[in-house]
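For reference, the structure is listed below as C-alpha cells.
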Protein chains: 2
Amino acid sequence: MAQKNKLQFIILGLLNQQPLTGYDLTKAFDHEIGEFWQAQHSQIYPQLKRLEAQGLITHEVMISGEKLEKKLYHITETGQASLTTWITTGTPELTATKDEFILKLYFVRTNRDPRLPEMLTEQLRLHAEKLQHLQARLTTVFPTKASQTENFGHYLILQHALGRENYYVGWLQQTLAALPSES
Amino acid sequence: MAQKNKLQFIILGLLNQQPLTGYDLTKAFDHEIGEFWQAQHSQIYPQLKRLEAQGLITHEVMISGEKLEKKLYHITETGQASLTTWITTGTPELTATKDEFILKLYFVRTNRDPRLPEMLTEQLRLHAEKLQHLQARLTTVFPTKASQTENFGHYLILQHALGRENYYVGWLQQTLAALPSES
DNA sequence: GACAGCATGTAATCAGTTACATGATTCC
DNA sequence: GGAATCATGTAACTGATTACATGCTGTC
C-alpha cells in the first residue's frame with residue numbers, strides 16, 4: 001500500500017499545534033521533525049493546495065514589510081477530525097527498513113571477506129555519531145522530568161531512536177570483535 | 001540522493017550466486033530477501049532489460065514444455081565488477097527509518113492520552129510476531145555454527161534484524177508499563 | 001476442462017528528489 | 001549595494017506500487 005501519503009498528516013499534525021506558512025513547514029523538516037521524516041518545499045506547497053481544496057486547512061494572507069505576501073495556514077475542524085482518525089486507526093504494517101549497508105552485507109559470503117572490517121568500522125563511526133547527536137538532542141530538548149510529559153510523543157520517539165542507535169552500535173562492535181583475526 | 005537505484009545491485013548480487021529468470025528474481029523478493037527489501041515484477045523486468053543494455057548481464061532463452069520461453073539471466077564480468085564496486089564503496093548515508101507508528105506517536109502530546117495503551121499494545125503484538133518469525137527463520141536457515149559462516153552476510157543481517165526487533169519489543173513493553181494508570 | 005502456478009511484459013499513477021524560476025526583506 | 005534568508009511556486013525525473021494484459025504448464 002505504498003506510503004499512503006503520510007505527508008498530509010504530518011502537515012495537519014504540525015498545523016494542529018499552531019498556524020504556519022509553507023516556509024515554516026519546510027523549516028520544520030530541516031529541524032525537529034527532520035530527525036525522522038523529510039520533505040522538500042516542492043512537495044509541501046502542492047500538498048497544501050490539495051489539503052485546502054479538500055477543506056482540511058484554510059489560509060489567510062499576511063503582508064511582511066511592504067508587499068511580501070505569506071500564506072498562513074490553519075487547520076479546520078474537518079482537518080482535525082482527519083488527523084484524529086489517522087492517529088486512532090491501527091498501524092498494522094511494519095515498514096521494512098531499507099538500510100543500504102545491511103543490503104550490502106547480505107552479499108558478503110564469508111566472515112573472512114577482507115572488506116568486512118572496513119565496512120563495519122565505517123558504520124560504527126556513523127552510528128556512534130548519530131547516537132551522540134541523539135543523546136545531545138534528548139538532554140537539550142527534554143532537560144527535566146516535567147518537560148518529558150509535556151511533549152510526550154516527541155520525547156518517546158527521541159528516546160526510542162536513541163535506544164535503537166545504541167543497539168546498532170553495540171551490534172556493530174560485537175560483530176567486529178567476533179571477526180576472525182586478519183591473517 | 002534518493003535511492004540511487006539499489007534494485008540493480010540486488011539483482012546483480014542474486015545473479016552472482018546463480019543464473020535466474022525474472023520470475024525467479026520476483027520470487028526471491030517474496031521469500032528470503034523480502035525480509036528486508038521489496039520489489040514487484042513490474043519493476044524487475046524493465047530493470048533486467050536496462051542491465052542487459054548496459055552489458056552487466058546477459059540472457060539465454062530456455063524452453064519449458066512445448067513452447068513456454070523463459071529468459072535465464074547470467075551476470076557478466078562487467079556486472080561482477082559493478083557489484084564489487086558498489087559493495088566496496090562506502091555507505092555514508094544513514095537512511096531515516098520511516099516508521100508510521102513512530103510518526104503518529106510524535107503527535108500524541110501527553111502520557112495520559114487515552115489512545116496510547118491501545119496503540120502501543122497493537123505494535124507490541126506486531127513486533128512480537130515479527131520477532132518470533134525472525135527467531136524461527138534464524139534457527140531453520142542457520143541451524144549449525146558451520147552454516148553461519150557459510151552464508152555469513154545473510155546470517156549477520158538476520159541476526160541484526162532479530163536484535164532490532166528484540167529491542168523494539170522491549171521498548172514497547174517498558175513504555176507501556178511506565179504509562180500512568182488509567183483512571 | 002478447470003485451476004493454480006509459471007512466465008513475461010506494459011500502462012497509469014503516486015511519492016519523492018532535484019532543478020528551475022522569481023522576487024522581497026533584513027542586516028551588514 | 002551585497003549577501004543571507006524569507007517566501008512561493010513549477011517542471012523534470014526517478015523509484016515504486018497498482019492495475020492491465022496475455023499466454024503456457026502441470027495437476028487434479
Side-chain angles (χ1 to χ4, degrees), chain A residues 1-11 19-31 33-34 36-54 57 59-73 86 93 95-100 103, chain B residues 1-11 19-31 33-34 36-54 57 59-73 86 93 95-100 103:
Chain A
M1 191 159 290
Q3 302 287 80
K4 195 88 191 308
N5 198 357
K6 282 157 201 144
L7 177 62
Q8 63 179 314
F9 298 113
I10 301 174
I11 292 176
L20 295 166
T21 66
Y23 189 79
D24 294 333
L25 284 164
T26 303
K27 275 191 308 180
F29 284 95
D30 294 337
H31 306 127
I33 202 163
F36 52 97
W37 210 275
Q38 288 81 45
Q40 282 74 41
H41 76 277
S42 60
Q43 210 184 346
I44 290 166
Y45 287 111
Q47 185 64 63
L48 284 169
K49 287 202 169 174
R50 282 194 294 272
L51 285 170
E52 187 159 36
Q54 289 173 261
I57 60 175
H59 82 267
E60 54 177 321
V61 174
M62 315 282 283
I63 302 292
S64 256
E66 288 293 299
K67 49 179 166 175
L68 180 59
E69 294 191 353
K70 9 185 216 177
K71 296 180 180 174
L72 196 62
Y73 286 92
W86 174 66
E93 274 156 77
T95 37
T97 47
K98 297 200 160 186
D99 182 328
E100 188 171 5
L103 190 59
Chain B
M1 191 159 289
Q3 301 287 79
K4 195 85 190 311
N5 198 357
K6 282 155 202 146
L7 177 62
Q8 62 179 314
F9 298 113
I10 302 174
I11 291 176
L20 296 167
T21 66
Y23 190 79
D24 294 334
L25 285 164
T26 303
K27 275 191 306 179
F29 284 94
D30 293 337
H31 307 127
I33 202 162
F36 52 96
W37 210 276
Q38 289 79 46
Q40 283 72 39
H41 76 276
S42 60
Q43 210 184 345
I44 290 166
Y45 287 111
Q47 185 64 62
L48 284 168
K49 286 202 170 174
R50 281 195 294 274
L51 284 169
E52 187 159 37
Q54 289 173 263
I57 60 176
H59 81 267
E60 54 177 322
V61 174
M62 314 283 282
I63 302 291
S64 256
E66 287 294 299
K67 49 180 164 174
L68 180 60
E69 293 193 352
K70 15 185 210 174
K71 296 180 179 173
L72 195 64
Y73 286 93
W86 173 67
E93 275 156 77
T95 37
T97 48
K98 297 199 160 186
D99 181 327
E100 188 172 5
L103 190 59

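So you know, we letter chains A, B, ... as the sequences are listed, proteins then strands, and number each from 1.
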Does any N or O in the side chain of A/Thr97 come within less than 3.5 Å of the main-chain N or O of B/Thr97, such that one atom is a donor and the other an acceptor?
no
So OG1 of B/Thr26 and CD of B/Gln40: to nearest 0.5 Å the spacing works out to 9.0 Å
Those residues at least two apart in sequence (or on a different chain) that pass side chain to side chain donor-acceptor pair (under 3.5 Å) with B/Gln47 are B/Asn5, B/Arg50
Here the distance between atom P of D/dC6 and atom CG of A/Leu20, to the nearest Å, is 14 Å
In 5'-to-3' order, the base (B), backbone-only (S) or no-contact (-) status of each nucleotide in nucleotides 23-28 of chain C, using a 4.0 angstrom heavy-atom cut-off, is BSS---
- Message: Strictly below 4.0 Å: does A/Gln40 bring a side-chain N or O up to OP1 or OP2 of C/dT17?
- Response: yes
List, with names and distances, any nitrogen or oxygen atoms from the protein found under 3.5 Å away from nitrogen or oxygen atoms belonging to nucleotides 10-14 of chain D.
none

Ignoring backbone atoms, establish whether A/Lys71 has a side-chain N or O less than 4.0 Å from OP1 or OP2 of D/dG9.
yes
So CD1 of A/Ile11 and CG of A/Leu25: to nearest 0.5 Å the spacing works out to 5.5 Å
**Asked** A/Glu100 versus B/Lys6: any side-chain heavy-atom pair under 4.5 Å?
**Response** yes
Rounded to whole Å, CH2 of B/Trp37 lies from P of D/dG15 at a distance of 12 Å
A/Lys6 NZ to C/dG16 P, in whole Å, measures 8 Å
Atom CD of A/Gln38 and atom C1' of C/dT18 are separated, to the nearest Å, by 15 Å
Taken to the nearest whole Å, CZ/B/Arg50 to P/C/dT8 is 17 Å
d(A/His41 NE2, A/Leu48 CG) to nearest 0.5 Å is 12.0 Å
Separation of C/dA7 atom P from B/Asp30 atom CG, nearest Å, is 14 Å
Comparing nearest nucleotides in DNA chain D, the 5'-proximal residue of the pair A/Tyr23, B/Gln47 is A/Tyr23
When rounded to whole Å, the NZ to P distance for the pair A/Lys98 and C/dA15 reads 15 Å
Rounded to the nearest 0.5 angstrom, the OH-NZ distance for A/Tyr45 and A/Lys71 is 9.5 Å
With a 3.5 Å distance limit and no angle check, can you tell me whether B/Gln38 reaches the backbone of B/Gly34 through a side-chain donor-acceptor pair? yes
From CD1 of B/Ile44 across to P of D/dG15 the rounded distance in Å is 15 Å
Residues A/Phe29 and A/Trp37: closest non-hydrogen pair is CD2-O, 3.6 Å
